[in-house]
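Working notes, structure below.
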Amino acid sequence: MAILDRLYTVRDLETMPDDGKTYELHNGVLIDVAGSKAQQTWLAAWIIFLLMQFIEQHKLGGAVSGADGTFTLNDFNARISDVAYITAERVTQQDTGSYLMGAPDLAIEVVSPSNSAPEMQQRAGEYLSAGGELIRVSGEGILDGGDVLPGLVLPVSKVFEHMK
């Protein structure tokens, strides 16, 4: 649900009293974000496990966050990825008492039936505008970690193998 009484900044979001809700900021509009349903939550947790396992095995460092890690993309946009990773170098640049700065080096959005294509395109565009890179993987494709997670080769089928 959008809260439209005025345009908000990330600073406003950071200083709001904790009311038990989770918010994102979309072009200055405060959005009350609903929690995920079971299937999306389980899928995001499985992806986090697979990433953490790879990162630990290859001693890459960095940090993985889930659906409560807020990333400040600019003064008027703050997003929460279902799964996100930032490199070890970027971890050292973060203020642990604040939201994460910049787009994640890897952002994974688990699409729900309620998500529209334009909504997901807007979200991807915001990550790209904040310095992210776009890699689309679907069907029988392979997620390649590229420069962010060198050596990661994750078949999409592996990601979905526990889903029913």
Side-chain angles (χ1 to χ4, degrees), residues 8-16 18 22-27 31 33 35-36 39-112 115 119-163:
Y8 289 83
T9 67
V10 170
R11 178 76 178 129
D12 294 327
L13 185 60
E14 286 184 321
T15 58
M16 286 176 50
D18 184 357
T22 302
Y23 296 98
E24 286 186 334
L25 197 57
H26 301 188
N27 297 318
I31 305 292
V33 182
S36 297
Q39 189 172 34
Q40 289 79 21
T41 298
W42 294 334
L43 181 56
W46 176 241
I47 294 168
I48 289 170
F49 170 77
L50 293 172
L51 289 177
M52 291 295 297
Q53 187 177 44
F54 177 82
I55 291 162
E56 288 294 314
Q57 286 174 349
H58 293 85
K59 301 181 182 351
L60 294 176
V64 176
S65 66
D68 58 354
T70 303
F71 286 83
T72 299
L73 303 180
N74 59 46
D75 288 342
F76 295 99
N77 287 287
R79 291 292 192 159
I80 302 170
S81 305
D82 293 309
V83 179
Y85 170 75
I86 60 173
T87 63
E89 178 184 354
R90 292 226 14 244
V91 167
T92 64
Q93 301 166 358
Q94 300 295 324
D95 174 358
T96 58
S98 188
Y99 293 139
L100 296 155
M101 295 302 297
D105 295 300
L106 173 67
I108 297 173
E109 296 289 347
V110 177
V111 179
S112 301
N115 294 125
E119 174 188 1
M120 298 313 293
Q121 288 172 342
Q122 177 183 350
R123 186 174 288 262
E126 290 172 6
Y127 289 131
L128 293 171
S129 293
E133 294 181 21
L134 179 63
I135 300 172
R136 288 189 180 156
V137 182
S138 61
E140 293 302 314
I142 304 283
L143 175 61
D144 181 326
D147 294 336
V148 174
L149 290 168
L152 176 68
V153 177
L154 185 58
V156 172
S157 60
K158 174 80 172 166
V159 172
F160 289 99
E161 73 182 3
H162 293 296
M163 302 307 298

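This chain uses plain numbering: 1 for the first residue, then up along the sequence. Just the heavy atoms: all of them, side chains too, but no hydrogens, waters or symmetry mates, feed the values below.
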Give the minimum heavy-atom separation between [X] and [Y], together with the two atoms involved.
X    : Y   : result
S65  : I48 : O-CD1, 4.2 Å
G61  : A88 : C-CB, 4.1 Å
F76  : Y8  : CD2-O, 3.2 Å
S112 : Q40 : OG-CG, 3.4 Å
G102 : F71 : O-CD2, 3.2 Å
R123 : I80 : NH1-O, 3.4 Å

With sequence neighbours excluded, residues passing side-chain hydrogen bond (donor to acceptor under 3.5 Å, both in side chains) with [X]:
X    : result
E126 : R79, Q122
T22  : none
N27  : N77

[X]: which residues meet the salt bridge (charged side-chain N to carboxylate O under 4.0 Å, His left out) condition with it, sequence neighbours left out?
X    : value
D105 : R90
D12  : R6
E140 : none

Tell me every residue that passes side chain to side chain contact (heavy atoms under 4.5 Å, CB included) with [X], counting only those two or more places apart in sequence or in another chain.
X    : answer
Q121 : none
S129 : none
Q53  : F49, L50, Q57
M101 : T72, Q94

Heavy-atom neighbours of W46 CH2 exceed 12 at 6.0 Å: yes
Residue pair T70 / Y23, side-chain heavy-atom distance below 4.5 Å: no
Residue pair I108 / L51, side-chain heavy-atom distance below 4.5 Å: yes
Inter- and intrachain pairs under side-chain hydrogen bond (donor to acceptor under 3.5 Å, both in side chains), touching residues 145-161, at least two apart: K158-E161
Supply the atom-to-atom distance [X] [atom1] to [Y] [atom2], rounded to the nearest 0.5 angstrom.
X    : Y   : atom1 : atom2 : answer
L25  : T9  : CG    : OG1   : 7.5 Å
L128 : L73 : CG    : CG    : 10.5 Å
E24  : I31 : CD    : CD1   : 8.0 Å

Side chain to side chain contact (heavy atoms under 4.5 Å, CB included) partner of L60, the single match among I55, L152, T87: I55
Test side chain to side chain contact (heavy atoms under 4.5 Å, CB included) applied to L149 and L106, L154, D144, the passing residue: L106
Short side-chain to backbone donor-acceptor contact, E14 and Y99, under 3.5 Å: yes
S36/V110 under side chain to side chain contact (heavy atoms under 4.5 Å, CB included): CA gap, chis, key distance, verdict: CA-CA 9 Å; S36 297; V110 177; over 6 Å; no
Partner residues of F54 under the ring-ring contact (aromatic ring centres under 6.0 Å, His included) criterion, sequence neighbours left out: H58
